[in-house]
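Being a predicted model, the structure only gives us computed values, none of them experimental. In what follows, residues are counted from 1 in the order of the sequence shown.
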Amino acid sequence: MKLEKLLERITYRCLQGSLETEVTDITNDSRKAKEGSLFFCIKGAVTDGHKYIPDVTAQGAKVLIVEDEVEAPQDVTVIRVEDSRYAMALISAAWYDYPAEKLKVIGITGTKGKTTTTYMVKSILESAGYRVGLIGTIEIIIGEEHIHAENTTPESILVQQYLNRMVKAGIQIVVMEVASQGLMLHRTAGIPFEIGIFTNIEPDHIGPAEHQSFEHYLSCKSMLFRQCKLGIMNADDPHLPQILEGHTCDVETFGFSPDADLRAEDMELVSRPGYLGIAYHVTGKMDFAVEIDIPGKFSVYNSLTAIAICRHFHVAVEDIQKALKQVQVKGRVEMVKVSDQFTLMIDYAHNAMALESLLTTLREYRPHRIVCMFGCGGNRSKLRRYEMGEVSGRQADLTVITSDNPRYEKPEDIIADIVTGIEKTDGKYVTIPDRKEAIAYTIHHGEPGDIIVLAGKGHEDYQEIQGKKYPMDERVLIQEILAGK
């Protein structure tokens, strides 16, 4: 493809070379540059792509997208832009012939609820006969193909590649998680979102490698609503006014608020041995009853969000009810049947905020006991360990402390940090470093009416030890334990 075509939607300055240059490939990975490649010089958190110019040009790259003045061979075209990441998103879209414009793309942003909501939307729309693709934290789904996800929102080249593959596969609608990092790093720049969703926001992802402040986090989330036709917002979130600052989209709301366009009323917890769910009535722009096999008030928000989206695709009420009753998301309050006497679930809660939210929700079901098993990742903040220990000590009747992804730390050292937190409370606890043994302990010591939570790993199917990932899926471990292996 001619370089000039790739640059048609960006502002740039040609420092040397020709816009007639034929581009054979685009990449931001210096190891993948080859004859005729266009190479994006990205200034990242770890390295600066500009320093690889000698390497990529030696490998045959013929176009460089740069932010700085650089030296390059005379037969290489150098294009200077203000932001290489933004340029990469728009050039990637051009390279794949703007696939997002051939799809209805739904973007979901928020601190919590993104993953579950995307699967709910996919389930409902497919029940109505649509072909739906998904890009999210757990995986990318293109037809029957499931691709493991490395980031909640992939790099822009990958996003556009996936969208292009979806177009070729006959996908009509794409539902994707849009992380604040993805917005900040322009991974979704140039995508004309049909609908943008705001689920909620709480202080999270704030630190040197992410957002410098909560205000910055808010600001990045709000970018989606200058990039979509319709914004569907959580009316109950106190930060909604900041999210709406500068928005250019039409706006609809959902929530429990009487002012919301789509409302949940008459919420009722549903509980029986081995099962937890929730039921409520949808009112406002629609009117019908819903029951979901996922517990908690957050399930009302997630499903109400999905209903608010799918309403715009004219899905029948019966299809919505049936799809929501059947949906289950791997590692998100995922109930695994092990007994008629007690309930066991797997959840991704891997920080204090998520764990507190989950355990507080489960307490509303008035269980005999809450048994919470978790560990913490190695080579991560010790503060998280203290906080999670304290939360579980306060909220659970018994905490089973075990190993998560120890990485380069000793599991015993991580467990000791968690114990430091839990000992600030009166909570009972046991320590069992081997995760399979810890799961077996919770199952074999389960009492009638218990809710057992295996927290932290969620959808992950590995354990990372000393830089290597070993297969470890909690669902497999549970089956082995039940089989006596």
Side-chain angles (χ1 to χ4, degrees), residues 1-103 105 135 150-151 153-168 174 181-193 223 226-227:
M1 187 180 288
K2 287 277 193 295
L3 175 59
E4 189 172 31
K5 169 69 176 170
L6 293 174
L7 301 176
E8 65 186 5
R9 294 191 185 180
I10 66 169
T11 302
Y12 62 91
R13 192 154 59 92
C14 183
L15 300 185
Q16 70 175 51
S18 169
L19 299 182
E20 292 297 308
T21 301
E22 193 69 32
V23 174
T24 61
D25 184 42
I26 60 173
T27 185
N28 65 323
D29 185 338
S30 61
R31 297 163 298 184
K32 295 179 180 177
K34 57 190 180 186
E35 188 63 38
S37 286
L38 178 152
F39 178 70
F40 300 99
C41 298
I42 303 294
K43 293 183 178 180
V46 178
T47 189
D48 183 347
H50 292 78
K51 76 177 188 179
Y52 297 107
I53 287 173
D55 297 333
V56 299
T57 52
Q59 289 159 223
K62 287 293 181 279
V63 179
L64 303 173
I65 304 295
V66 303
E67 293 180 12
D68 303 336
E69 295 281 352
V70 298
E71 289 187 11
Q74 284 303 305
D75 65 336
V76 173
T77 299
V78 181
I79 303 295
R80 190 174 185 180
V81 296
E82 187 176 327
D83 188 321
S84 292
R85 283 192 176 277
Y86 184 77
M88 180 164 69
L90 270 63
I91 290 171
S92 298
W95 177 257
Y96 288 107
D97 194 24
Y98 305 105
E101 296 176 10
K102 301 165 190 173
L103 300 158
V105 185
I135 299 174
E150 298 294 337
N151 302 99
T153 307
E155 193 54 86
S156 58
I157 294 180
L158 259 183
V159 168
Q160 295 296 336
Q161 183 188 115
Y162 291 143
L163 293 175
N164 182 53
R165 289 177 60 185
M166 288 177 183
V167 169
K168 290 179 177 177
V174 179
Q181 282 280 94
L183 288 161
M184 180 177 74
L185 299 174
H186 303 304
R187 290 175 180 170
T188 58
I191 296 175
F193 288 97
M223 290 168 67
R226 295 187 290 278
Q227 201 180 327

Find the distance between CD1 (I91) and OG (S84) and round it off to the nearest 0.5 Å.
-> 8.5 Å
Scan residues 81-96 for pairs that pass salt bridge (charged side-chain N to carboxylate O under 4.0 Å, His left out), counting only residues two or more places apart or in two chains.
-> R85-E155
Return each pair, listed once, that meets salt bridge (charged side-chain N to carboxylate O under 4.0 Å, His left out) where at least one residue sits in residues 35-44; pairs must be two or more places apart or across chains.
-> E35-K62, K43-D68
Return yes if some donor-acceptor pair links the side-chain N/O of Q227 with the main-chain N/O of I191 below 3.5 Å, else return no.
-> yes
Does the side chain of V174 come within less than 4.5 Å of Y162's, by heavy atoms?
-> no
May I ask you to decide if S156's main-chain N or O and R187's side chain share a donor-acceptor pair within less than 3.5 Å?
-> no
Which pairs count as salt bridge (charged side-chain N to carboxylate O under 4.0 Å, His left out) when at least one residue sits in residues 18-30, sequence neighbours excluded?
-> K2-E22, D29-R31
Atom of L3, atom of S18 and distance for their closest heavy-atom approach = CD2-O, 3.8 Å
Side-chain heavy-atom pair T153, L183 within 4.5 angstrom cut-off = no
Residue list, salt bridge (charged side-chain N to carboxylate O under 4.0 Å, His left out) with E8, at least two apart or on another chain = K5
Taking side chain as C-beta onward, heavy atoms only, is L19 less than 4.5 Å from I79?
-> yes
Quick one: does L103's side chain get under 4.5 Å of V167's, heavy atoms only?
-> yes
Under the ring pair (Phe, Tyr, Trp, His ring centres under 6.0 Å) rule, what pairs show up with a residue in residues 50-96, not counting sequence neighbours?
-> Y86-H186
Which is it for D75 and T57 under the side chain to side chain contact (heavy atoms under 4.5 Å, CB included) test, yes or no, and what are the steps along the way?
-> CA-CA 10 Å; D75 65 336; T57 52; over 6 Å; no
Find out whether V70 and L15 are in side-chain contact, i.e. whether some heavy atom of one side chain is under 4.5 Å from a heavy atom of the other.
-> no
Name all residues meeting the salt bridge (charged side-chain N to carboxylate O under 4.0 Å, His left out) criterion together with K32; count only those two or more places apart in sequence or in a different chain, and write none if there are none.
-> none
